[in-house]
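Residue numbers start from 1 in every chain, and the chains themselves are labelled A, B, ... in the order their sequence lines are given, proteins ahead of strands.
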Amino acid sequence: LPPLSSDEDENVAKTYLMKFYDLTNETDSDLHRGVHQMTLKLKEMQQFFGLEVTGVLDSNTLEVMKKPRCGVPDLAE
Amino acid sequence: YTTFPGNLKWQSNSVTYRIVNYTPDLPQSEVDRAIENALQVWARVTPLRFTRLYTGVADIMISFGRRDHGDGYPFDGPDGILAHAFPPSVGLGGDAHFDEDETFTSQSSSGYNLFLVATHEFGHALGLSHSMDPGALMYPHYTYTDPERFSLPLDDIKGIQFLYGPNPEKPVDPTPPTTPNACDPNLTIDAVTTLRGEMMFFKNRFFWRVYPQSNQPELTLIKSFWPDIPDNIDAAYESIKADRVFIFKGEKVWALSGYDVVSGYPKTLSSMGLPATVKRITAALYDEVSGKTLFFDNKYYYSYDETKRQMDKGYPKLVEKSFVGMQGGVTAALQYRGFTYLFSGSNMHEFSSRSKKLHRVLRSNYFLGC
């Protein structure tokens, strides 16, 4: 599915991953090492929900993020 | 199922709870009943016993609040997050908070059913984390099911019994709801249809969505897409001409336009042109070659002319007369990329749509990425 590019969608995804997948703000060292937390966390989330694991924010992934749900993180802290 | 790190659980099987405040959405008696019933779901399958306190500090403190309600995990207004609960521990541990900005209900499928939300949250309060099983109560998404018919799924039973063991007084329900496995070699499919390029395979409470672009089928509860469509459907097909998907169960038929249920449905089978003597069909497909819709009733089938809106004469016919090599009754049917697929039990027969020649006999999970 085509990746989504809207800033609003990106923000929805970022907020969701921070709440439920322990996404933290990327540090300079993350970027230096080529580690993109957002991609890793998206993959974790896609795997959890049985979506195709791409690490890319597509319409299916966003659709799942917008469903009503429990506020407990999916990956226990 | 999963548990919290360290398998957090109550050390005693006697657990107390207190309803600290009430939602104005429901009479207090309804809230009391929903909470009590939700706790009993877990008590039925474990040695846990719950005692209500009216004052002081209970293990599970139950409250309704909105936005920032004092625990550092603010709610987000209507929809989105409905509730949260903390794993067993002292202080906040075990407490369950419900978002007062939601509309909680006790009877209908509108709003969010308090019993269902509470049962899920009490799973956390007892030590279960979220499950990856889309059929489990502990799956993170809310899906409406009729509370009167609610039965704790096997995944949740296994999870809570891992922590506390089984109920020594009552035997477990021998047939708790389970989640189908796409790679089960004996898998049988209830119904199958295309929908604007994707394929949908229905099984019990679930369906798999298969996209041409993706080799990973997605398993979803039927109710999470269409709360009014029943589980365990008989048949489904996509009418290219009408740009609709029709879903059949018993003598009723529902129509979808895209993912939306068309108003005015369910209608009767006879509204689709079938004789009044037909009380149930087992499969259906739209034949692009002839422009006809085929309705299967086990080993027989009818042909419906979508243009003339009437049944063709000379039907029902034996399926094996037209589809030579077909064995057994047809339990699901699909036409896809020039082939007609007739399912029977765990087998799927692949015929050329033009010549009706049998090409292969495959397993019913052929399209499910196994």
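- With a 4.5 Å cut-off on non-hydrogen atoms, A:Gln46 does not touch chain B at all.
- Looking at A:Phe20, only its side chain comes within 4.5 Å of chain B, counting heavy atoms on both sides.
- To the nearest 0.5 Å, atoms OG1 (A:Thr54) and CG (A:Leu51) are separated by 8.5 Å.
- For the pair A:Lys67 and B:Tyr142, the cation does not sit on the ring face, since its NZ or CZ is not both under 6.0 Å from the ring centre and inside 45° of the axis.
- Scanning both residues, B:Ala96 and B:Glu121, for their nearest heavy atoms gives CB-CB, 4.4 Å.
- Partners of B:Ala38 under the side-chain contact (heavy atoms from CB on, under 4.5 Å) rule, at least two apart in sequence or in another chain, are B:Phe115, B:Ala118, B:Thr119, B:Phe122.
- Both the sub-6.0 Å distance and the 45° axial angle are not jointly satisfied by B:Arg209 relative to the ring of B:Phe225.
- Neither the backbone nor the side chain of B:Pro87 comes within contact range of chain A, judged by heavy atoms closer than 4.5 Å.
- With respect to chain A, the highest number of heavy-atom pairs below 4.5 Å among B:Thr220, B:Asp76, B:Ile81, B:Thr143 belongs to B:Ile81.
- When heavy atoms are compared at a cutoff of 4.5 Å, B:Tyr112 approaches chain A solely by way of its side chain, counted from C-beta outward.
- Residues satisfying the side chain to side chain donor-acceptor pair (under 3.5 Å) test with B:Asp184, not counting sequence neighbours, are none.
- Neither the backbone nor the side chain of B:Pro134 comes within less than 4.5 Å of any heavy atom of chain A.
- Of the possible donor and acceptor atoms, one in the side chain of B:Gln11 sits under 3.5 Å from a partner among the backbone N and O of B:Lys9.
- Comparing A:Gly71, A:Cys70, A:Gly50 by how many heavy-atom pairs each has under 4.5 Å with chain B, the most go to A:Cys70.
- The contact between A:Val64 and chain B is made by backbone and side chain atoms together, counting heavy-atom distances below 4.5 Å.
- Between B:Trp226 and B:Tyr259, the ring planes are parallel. Angles under 30° get that label, and only those over 60° would be called perpendicular.
- Using a 4.5 Å cut-off between heavy atoms, B:His141 touches chain A through backbone and side chain atoms alike.
- Looking at B:Phe75, there are no atoms closer than 4.5 Å to chain A (heavy atoms on both sides), in backbone or side chain.
- With a threshold of 4.5 angstrom between heavy atoms, B:Leu82 approaches chain A through its backbone and through its side chain.
- For a residue to count as touching a neighbouring chain, one of its non-hydrogen atoms must lie under 4.5 Å from one of that chain's; by this rule B:Thr2 does not touch chain A.
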